[in-house]
Chemist: 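Here it is, the structure, as structure tokens.
Numbering of residues begins at 1 and proceeds along the displayed sequence. What you see is a predicted model, and the numbers here were worked out from it, not measured in a lab. Computed from heavy atoms alone, side chains included, the values below leave out hydrogens, waters and symmetry copies.
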Amino acid sequence: MLHIKKRALFALTAFSATASLTFPAQANVVASLKPVGFIAAAIADGVTPVDVLLPDGASEHDYALRPSDVKRLKNADLVVWVGPEIEAFMAKSAAELPAKKNLAIADINGVKPLLISGGEDEDEHTAEKSEQPDADAHHHHGEFNMHLWLSPEIARKTAVVIHAKLLELMPQGKAKLDANLQQFEVTLADTDKRVNAQLAPVRNKGYFVFHDSYTYFEKHYGLSPTGHFTVNPEIQPGAQRLHQIRTQLVEQKAVCVFAEPQFRPTVIDAVARGTQVRKGTLDPLGTDISLAKDSYVKFLSQLSSQYASCLN
């Protein structure tokens, strides 16, 4: 009996040693936000798992890392995030990562020329802050609008760099990684055409969004936003801003106002009351979409349908 146990132990040890040589440990990718995870999941599908840091229902504007989050970041083989301008909650932990593990989308070659200034919002934001002087102490909107995941062009560039990073980590997965990137680029181009066609009839219709997340999507598809309620969803817009929006709604300069799943402020109902304006919901984080190979293109299609259903 003892000889059998020894043989079994030897066989198990030999198998473990062989397995570790044949099947290297999986690299794991941690994405800051769900849409960033969508892009990563398209490239990593069938190669390595992708995890998302920000829980559903939370906002990137005011999230605070838990000790378990810090541990996940430290243990990740690759961390993909947008950058400290919008994800201040990650800045300290990301700065402690080795460069090869740290991928900030804002720093990718070719992204900087595509950035859209956030400067046009500053006058409105200053007015809001003067009415609520302490409310915005924790939030810095920055020089640029950093909701970069809503740009199909930046998403494609991000996918290319994630592919390159994973290829360094897992060269044995090259065939699958190459196929995933090729498929992502093809499906993204097809979805882009479909979304263009879906939004073409509503391009000249005015609307208000609750918060200025959507600029990259709107410019890419030629939409005509009338304005937004706030640049920081944690701050309710001031009375002066609400009066301006109400006036434009009464004058029928917009056909729709959009809330968000995380933010359904009563001010939207109050401002729209008694007008002909319709109310819709836009989800800039793809809350109800699961991480999968086709998540990002589903995300674009869902957002397009949310616009079209209210504006048509």
Chemist: Indicate, with yes or no, if the rings of Tyr307 and Tyr221 have centres closer together than 6.0 Å.
Modeler: no
Chemist: One thing to verify: whether Glu168 and Lys100 come together as a salt bridge, which I'm taking to mean a side-chain N less than 4.0 angstrom from a carboxylate O.
Modeler: no
Chemist: Taking NZ in Lys205 as the centre, count heavy atoms belonging to other residues, nucleotides or ligands within less than 6.0 Å. Is the count above 12?
Modeler: yes
Chemist: Applying the side-chain contact (heavy atoms from CB on, under 4.5 Å) criterion to Val82, which one of His147, Met90, Glu87 satisfies it?
Modeler: Glu87
Chemist: Does a side-chain heavy-atom distance below 4.5 Å link Asp294 with Phe38?
Modeler: no
Chemist: Run His61 and Ser59 through side-chain hydrogen bond (donor to acceptor under 3.5 Å, both in side chains) and show every step you take.
Modeler: CA-CA 5 Å; His61 291 283; Ser59 165; 4.8 Å; no
Chemist: Can you list the steps and then say if Leu285 with Trp149 is a side chain to side chain contact (heavy atoms under 4.5 Å, CB included)?
Modeler: CA-CA 9 Å; Leu285 292 174; Trp149 61 90; 3.9 Å; yes
Chemist: I'd like to check the salt bridge (charged side-chain N to carboxylate O under 4.0 Å, His left out) partners of Arg194; sequence neighbours left out, ordered by chain and number.
Modeler: none
Chemist: Working to the nearest 0.5 angstrom, can you tell me the gap between Thr191 OG1 and Lys298 NZ?
Modeler: 11.5 Å
Chemist: Can you see which heavy atom on Asn28 is nearest to which on Ala76, and at what distance?
Modeler: OD1-CA, 3.5 Å
Chemist: Find the distance between OH (Tyr296) and OG1 (Thr187) and round it off to the nearest 0.5 Å.
Modeler: 11.0 Å
Chemist: Can you name the closest pair of heavy atoms from Lys34 and Thr287 and give their distance?
Modeler: NZ-O, 2.8 Å
Chemist: Please find the pair of heavy atoms, one from Leu166 and one from Ala44, that lie closest to each other, and give the distance.
Modeler: CD1-CB, 3.9 Å
Chemist: Please check if the side chain of Ser117 supplies one atom and the backbone of Phe144 the other of a donor-acceptor pair under 3.5 Å.
Modeler: no
Chemist: From Asp288 CG over to Asp56 CG, what is the distance, rounded to the nearest 0.5 angstrom?
Modeler: 8.5 Å
Chemist: For residues Tyr216 and Leu114, determine if any side-chain heavy atom of one lies less than 4.5 Å from a side-chain heavy atom of the other.
Modeler: no
Chemist: Salt bridge or not between Lys157 and Glu153? Use side-chain N to carboxylate O under 4.0 Å.
Modeler: no
Chemist: Does the side-chain hydrogen bond (donor to acceptor under 3.5 Å, both in side chains) test come out yes or no for Asn145 and Thr215, once each step is laid out?
Modeler: CA-CA 8 Å; Asn145 185 310; Thr215 311; 3.1 Å; yes
Chemist: For Asn109, is the CG atom crowded, meaning more than 12 foreign heavy atoms sit under 6.0 Å from it?
Modeler: no
Chemist: Judged by atom type as modelled, is there a donor-acceptor pair below 3.5 Å linking the side chain of Thr281 to the main-chain atoms of Pro261?
Modeler: no
Chemist: Can you name the nearest heavy-atom pair linking Thr275 to Ala272, along with the distance?
Modeler: OG1-O, 2.7 Å
Chemist: Answer yes when Asp77 and Lys165 have at least one side-chain N-carboxylate O distance shorter than 4.0 Å, and no when they do not.
Modeler: no
Chemist: Is the shortest heavy-atom distance from the side chain of Pro284 to the side chain of Glu260 under 4.5 Å?
Modeler: yes
Chemist: Is the number of heavy atoms from other residues, nucleotides or ligands within 6.0 Å of CG (Asn204) greater than 12?
Modeler: no
Chemist: So, the side chain of Arg156 versus the backbone of Phe184: is there a donor-acceptor pair under 3.5 Å, distance only?
Modeler: no
Chemist: How long is the straight-line distance from CH2 of Trp81 back to CG of Leu54, given to the nearest 0.5 Å?
Modeler: 14.0 Å
Chemist: Any chance the rings of Phe258 and Phe208 have centres within less than 6.0 Å?
Modeler: no
Chemist: Over all heavy atoms of both residues, which pair between Ala41 and Ala292 is shortest? Give the atoms and the distance, please.
Modeler: CB-O, 3.7 Å
Chemist: Please check if the side chain of Arg72 supplies one atom and the backbone of Val30 the other of a donor-acceptor pair under 3.5 Å.
Modeler: no
Chemist: Could you check whether any side-chain heavy atom of Phe229 comes within less than 4.5 Å of a side-chain heavy atom of Ile245, counting everything from C-beta outward?
Modeler: yes
Chemist: To the nearest 0.5 Å, how far apart are CG in Leu148 and CD in Glu85?
Modeler: 8.5 Å
Chemist: Before giving the answer on side chain to side chain contact (heavy atoms under 4.5 Å, CB included), spell out for Val80 and Ser32 the whole-Å C-alpha distance, their side-chain angles and the decisive distance to 0.1 Å.
Modeler: CA-CA 6 Å; Val80 188; Ser32 55; over 6 Å; no
Chemist: Under the side-chain contact (heavy atoms from CB on, under 4.5 Å) test, which residues partner Asp45, sequence neighbours left out?
Modeler: Lys176, Asn180, Lys293
Chemist: Would you sort out whether Leu103 and Val79 count as a side chain to side chain contact (heavy atoms under 4.5 Å, CB included), showing the intermediate values?
Modeler: CA-CA 6 Å; Leu103 174 54; Val79 172; over 6 Å; no
Chemist: Begin with the C-alpha distance, continue with both residues' side-chain angles, and end with the deciding distance and a verdict on side chain to side chain contact (heavy atoms under 4.5 Å, CB included) for His220 and Asp192.
Modeler: CA-CA 10 Å; His220 186 82; Asp192 192 40; 2.9 Å; yes
Chemist: Main chain of Asn312, side chain of Arg278: is a donor-acceptor contact present, judged purely on distance under 3.5 Å?
Modeler: yes
Chemist: Does the side chain of Ile108 reach to within under 4.5 Å of the side chain of Thr158, using non-hydrogen atoms?
Modeler: yes
Chemist: Could you tell me whether Gln276 atom CD has more than 12 heavy atoms of other residues or ligands within 6.0 Å of it?
Modeler: no
Chemist: Just by distance, do the side chain of Lys74 and the backbone of Leu97 share a donor-acceptor pair under 3.5 Å?
Modeler: no
Chemist: Give a yes or no answer on whether the side chain of Gln306 reaches the backbone of Asp283 with a donor-acceptor pair at less than 3.5 Å.
Modeler: yes
Chemist: Passes side-chain hydrogen bond (donor to acceptor under 3.5 Å, both in side chains), Asp178 versus His163? Steps please.
Modeler: CA-CA 8 Å; Asp178 289 352; His163 168 268; 2.7 Å; yes
Chemist: To the nearest 0.5 Å, what is the distance between CZ (Phe217) and CG (Leu300)?
Modeler: 6.0 Å
Chemist: So does Arg203 get a backbone contact from the side chain of Ser224, meaning a donor-acceptor N/O pair under 3.5 Å?
Modeler: yes
Chemist: Side-chain contact test, heavy atoms from C-beta onward, threshold under 4.5 Å: evaluate it for Met146 versus Ile105 and give yes or no.
Modeler: no
Chemist: Are Val209 and Pro225 packed together at the side-chain level, in the sense that at least one heavy-atom pair is separated by less than 4.5 angstrom?
Modeler: no
Chemist: If you compare all heavy atoms of Ala40 against all heavy atoms of Val29, which two are closest, and at what distance to 0.1 Å?
Modeler: CB-CG1, 4.2 Å
Chemist: Less than 4.5 Å apart, any side-chain heavy atom of Leu53 and any of Leu73?
Modeler: yes
Chemist: Could you state whether Val70 and Tyr63 fall into the same hydrophobic cluster, counting links through intermediate Ile, Leu, Val, Met, Phe, Trp or Tyr residues with side-chain heavy atoms under 4.5 angstrom apart?
Modeler: yes
